[in-house]
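Note sheet for the following structure.
By convention in this document, chain letters (A, B, ...) are assigned in the order of the sequence lines, proteins followed by strands, and residues within each chain are numbered from 1. In this text the structure is predicted, and so the values were computed from the model without any measurement.
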Number of protein chains: 2
Amino acid sequence: MKLTNKGRYAVMAMADLASNAKDGPISLTEISIRQNISLAYLEQIFLKLKNNKLVKSSRGANGGYVLEKPASEIKLSNIIFAVDEEVKTLNCKKNSKKGCNNKTTKCITHNLWDQLDQHINGFFEKVKLQDLTKLN
Amino acid sequence: MKLTNKGRYAVMAMADLASNAKDGPISLTEISIRQNISLAYLEQIFLKLKNNKLVKSSRGANGGYVLEKPASEIKLSNIIFAVDEEVKTLNCKKNSKKGCNNKTTKCITHNLWDQLDQHINGFFEKVKLQDLTKLN
DNA sequence: TTTAATTCCGACTAAAAGAGTAGGAATTAA
DNA sequence: TTAATTCCTACTCTTTTAGTCGGAATTAAA
Ligand code: FES
Ligand code: FES
């Protein structure tokens with residue numbers, strides 16, 4: 001049970017964006033320095049964030065990113081999902097009748113993982129980007 | 001964010017033990033067939049469960065495993081922990097002053113992951129093996 | 001008009017983790 | 001004596017993670 005760096009970095013970078021907002025856009029170079037994350041890796045991550053409409057970019061010199069929506073409207077689940085981190089402890093297709101391990105019925109632990117997924121996703125749904133800046 | 005097969009199988013196998021309890025011990029072969037998990041893999045898992053005092057073994061023909069404690073006293077966290085699945089989304093050493101990414105202070109998301117860990121661990125602490133057999 | 005800063009994008013790679021196999025030793029009931 | 005079983009270590013294949021690399025496109029500013 002773990003969360004990978006990509007998801008962590010995505011949240012970190014978004015939090016950085018939210019708490020260091022200024023007039024113009026913020027460049028990845030800045031974030032890279034402040035958060036100590038490789039620039040090239042950040043670029044990858046921001047592509048996805050952008051595609052998921054969480055940030056807006058402006059290119060060229062003095063370019064960078066800004067949040068597309070207010071921090072109070074961005075859920076952690078949005079961020080996590082954007083970078084392909086999926087909360088999924090279920091091992092089977094939820095809407096299939098089949099179970100995991102090639103079984104024809106749902107396994108003995110199916111409901112458990114289902115509940116766990118909901119538990120974790122609930123957490124990510126509840127927390128907004130804004131809450132993060134308060135936490136510090 | 002995912003749980004690995006090892007942890008899943010461990011819980012499955014323990015649930016199997018709990019719900020198929022009989023007079024003598026239950027062999028891994030049985031569990032292997034019922035749950036469709038490779039025998040050799042189960043052996044690995046049960047070594048750890050045994051070392052963590054969750055099951056007792058008897059060797060030789062007609063041997064097998066039984067729960068060491070009543071299913072009502074075994075927490076999921078015990079099982080997960082036994083097979084080295086750790087719920088840890090924090091990226092730094094919790095009791096160090098240092099942050100992740102070689103930073104000298106805790107990062108902007110530190111408290112978040114800390115809370116998430118507690119959220120997930122709380123779930124695993126609350127659920128007992130016995131609850132699983134009821135779920136079905 | 002040139003330059004430097006920046007996003008954009010795809011491909012590549014090294015390391016780590018996951019998932020399981022393989023082989024054989026030791027034990028014990030029948 | 002045999003078959004069933006746990007015990008234990010080591011190995012291997014595959015997938016995922018965690019980036020790096022190279023270069024194109026864009027734009028502000030000198
Ligand atoms: S997890 Fe759904 S059937 Fe096993
Ligand atoms: S997770 Fe603890 S400092 Fe970043």
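- With distances taken from any side-chain atom of Tyr41(A) to the nucleotides dA19(C), dA30(C), dG19(D), the minimum falls on dG19(D).
- The listed nucleotides are dC7(D), dT21(C), dC8(C); the one nearest the side chain of Ala40(B) is dT21(C).
- Checking Lys2(A) against Leu39(A), the closest nucleotide of DNA chain C that is more toward the 5' end is the one next to Leu39(A).
- The structure places NZ of Lys128(B) at 8.0 Å from OG of Ser72(B), a figure rounded to the nearest 0.5 Å.
- Asp84(B) and Lys6(B) are not joined by a salt bridge, as no carboxylate oxygen comes within less than 4.0 angstrom of a charged side-chain nitrogen.
- Taking the nucleotide of DNA chain D with the nearest heavy atom to each of Leu47(B) and Leu3(A), the more 5' of the two is matched to Leu47(B).
- Residue Ser58(A) places no side-chain N or O under 4.0 Å from the OP1 or OP2 atom of dT27(D).
- Here Phe46(A) lies out of heavy-atom contact (under 4.0 Å) with every strand.
- Regarding Asn101(B), its CG atom lies at a distance of 12 Å from the P atom of dA18(D), rounded to whole Å.
- One can place CG of Asn51(B) at 14 Å from C1' of dT9(D), the figure rounded to the nearest angstrom.
- For Thr29(B), the side-chain atoms get nearest to dT5(D) when compared with the rest of dC9(C), dT5(D), dT20(D).
- Arg59(B) contributes no side-chain N or O that forms a donor-acceptor pair with the base of dT27(C) under 3.5 Å.
- What separates CG of Asn36(B) from P of dA19(C) is a distance of 16 Å, to the nearest Å.
- Residue Asn62(B) places none of its side-chain N or O atoms closer than 4.0 Å to OP1 or OP2 of dT28(C).
- Side-chain proximity of Ser57(A) to the nucleotides dC8(C), dG19(D), dT6(D) is greatest for dC8(C).
- If you measure from atom NZ of Lys6(A) to atom C1' of dA17(C), you get 16 Å, rounded to the nearest angstrom.
- Asn20(A) and Asp16(A) form a side-chain donor-acceptor contact under 3.5 Å, judged by distance and modelled atom types alone.
- For Ser27(B), the listed nucleotide lying nearest its side chain is dT6(D); candidates were dT7(C), dT6(D), dA30(C).
- Between Leu17(B) and Tyr65(B), the shortest heavy-atom distance links the atoms CD2-O, 3.5 Å.
- Spacing between atom CD of Glu30(B) and atom C1' of dT6(D) amounts to 14 Å, rounded to whole angstrom units.
- Of the side-chain N and O atoms in Tyr9(A), none sit less than 4.0 angstrom from OP1 or OP2 of dT17(D).
- Between Asn5(A) atom CG and dA18(D) atom P there is a gap of 4 Å when expressed in whole angstrom units.
- Between the side chain of Glu43(A) and the base of dT6(C), no donor-acceptor pair under 3.5 Å is found.
- A straight line from CG of Asp84(A) to P of dA18(D) spans 13 Å, rounded to a whole angstrom.
- In this pair, Tyr9(A) and Tyr41(A) present their aromatic rings perpendicular. The plane angle is above 60°, beyond the 30 to 60° band.
- Although no hydrogens or angles enter the test, the distance criterion places no donor-acceptor pair under 3.5 Å between the side chain of Asn52(A) and the main chain of Asn78(A).
- The partner of dG20(C) is dC11(D), judged by Watson-Crick or G-U wobble contacts that both fall below 3.5 Å.
- Checking dC8(C), dA30(C), dT28(C) against the side-chain heavy atoms of Ala61(B) singles out dT28(C) as nearest.
- Pairing partner, dA29(C): dT2(D), with both Watson-Crick or wobble hydrogen-bond distances short of 3.5 Å.
- No contact: Lys48(A) has no heavy atom under 4.0 Å from any strand.
- Closest to the side chain of Gln44(B), from the set dT21(C), dC7(D), dG19(D), is dT21(C).
- Across the protein-nucleic acid pair, Leu42(A) atom CG and dT20(D) atom C1' stand 14 Å apart, rounded to whole Å.
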